[in-house]
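Just follow the structure's listing: the first ligand is 1, and inside any ligand the first atom is 1.
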Amino acid sequence: MSTRNIIPEAKKKAVSKLGPPLKVEAFASDQVEKLFSRSGEDVLVVVEDDRILGLLSRLVWEKASSYHLSLMPGELAFEIPQIFQILPDEEIFSLFQNPLRRIFWGEDLLSLEDFWVLRPPEDLSPRRLVLKGDLAYLREELLSVAQDLKIGLFLVGGAVRDLLLKRESFDLDFVVTRNCKVFAEVVSQKLKAPLVKSSLFGTFKLSWRGFEIDLAQARWEYYEAPAKLPKVAPGPLSWDLFRRDFTINALALDLETLTLVDFYGGERDLHERRLEVLHILSFVDDPTRLFRAARYATRFGLSLSPNFLKALELARRLKVISLLSPARLRNEIKRILVEEEPFAAFVWLKERKLLEELCGKEPDLSPLKRLLADSFFRDLNEDEKLVAILLSLSPQKDFLIRLGLSEKMSTWCENFFQELENKRNFLLSSKVSLSEKVFFLEKGPLSAILAFKAHYPELKEEMEKILAAQKTRPCLTGKDLQRMGISPGPLYGKILKHLRAAKIDGLLKNRDDEISFLKKEYPDVFSA
Ligand code: ATP
């Protein structure tokens, strides 16, 4: 909600009811509990030498203590966005976009969400968005169900961000204020799209005309420990948006009025191309957000807010990436790979020293760059791509295990890589036949070979020759051998391999050459 939109009268009332904000010194950790419990306030203003550092919400303070982090108010203070700095302190305080923050409207105590719903007609002039095509149709269909059930319906998250950016989005997340199960069932019947219940967070999924649709009840998430998956409980929309990763994704579109719901300044951040967190412990709650940040910052060309940098610094200090499970890490890497510029996202992570924590040491990204540009890489499936990426970052067993490859597979990869390194001269030698090189490389998976090729650019030309030759097959097949009267057995494999080697080495051009070759090389078999 933009402060510019709030009518001055309402602002005055809100401020007069609140009284002056409570302040706490940046280092006075021992004062915080007392101030919160005595005042009943949800937000304190953190000061240092009378300078406002930012705001500390009860929610964030309690979160830090539940994680057993001894942090000082100054470390957790959320710097007030630019737009608020031109307002007097009291107003900053009352308008702080904390979902737990309550403000006054006339005589009534309201939450920010109620405040938004009240929407004084002219002065708030809410931002209206237009939906077109399938999206407009879908809105009509969903809205009629929501209205029958008398529940609120919102499009939320990345889809709203993409609408503002005029980018197409096929992942649509809808939030209803209650009764999600019934809503989902009726919607599924109406759209004739089967429902999949995603058990983890009680959400429902369906596919419709190429859209992946998620339906969920507005909820609050809380984390019992850093980097663990959250527990969920129903909550108001403002809380649902506050639990999200960045302000640009904490947007909602009220589908009844088609107005933008923007409690945390996401539209402004998007407009000013800035990535802003919702609170300083954001990456401690969920370090996967660091990888998400890499994608958004590079995809949309976003700068990082001071709060973001402070949250990042804390995440690095607490080494939160090391707390992530291998499955979650792998998933984030896979999501980077489907970005238009995956390499830029890796560079972003490296520049912020986040890969160091992952790889054990600062990785050299040039192998990765070469790998991503390699035309053979595109032929790999998703899992093979992941293995190739990991090996290009580091072929070390510990790193591979950390990313969830089995101990056996990791040891094998490390050994194979070592073997390749030892065979560099063999691979380059003009005295070794091409077929020998092909057979040698076929011992390992293409993912490992491509990663190796990326590590050793001096081998590029030769490796490409070998990889191209790998596709060579003789014209004759097992069936032909049978027709020639050779009885089936292990000899088939030997003969076909021999034929293939000769063909790779350019000794055989066609079928006739192959038959003559067999007659010459295997006279006993033919005479038998
Ligand atoms: P993309 O354009 O990359 O698909 P998206 O915004 O659609 O991005 P999703 O991963 O589909 O991202 O998630 C949908 C929404 O759920 C996000 O916009 C965000 O509001 C929220 N979200 C997803 N992952 C997280 C997370 N790790 N922490 C907080 N909020 C999240």
Participant: Taking T203 for the side chain and A216 for the main chain, is one N or O donor matched with an acceptor at less than 3.5 Å?
Facilitator: no
Participant: Table please: side-chain donor-acceptor pairs of residues 146-158 below 3.5 Å, with sequence neighbours left out.
Facilitator:
none

Participant: Show me, by chain and number, every protein residue that has a heavy-atom distance under 4.0 Å to ligand 1.
Facilitator: G157, G158, R161, D173, R243, R244, D245, N249, D286, T288, R289, R292, R295, Y296, R299, R335
Participant: Among side-chain atoms of W61 and E33, is any donor-acceptor pair under 3.5 angstrom?
Facilitator: yes
Participant: Partners of A344 by side chain to side chain contact (heavy atoms under 4.5 Å, CB included), sequence neighbours excluded?
Facilitator: T298, E341
Participant: Counting only heavy atoms not in E362, do more than 12 fall under 6.0 Å of its CD?
Facilitator: yes
Participant: What residues, two or more places apart in sequence or in another chain, satisfy ring pair (Phe, Tyr, Trp, His ring centres under 6.0 Å) together with F174?
Facilitator: none
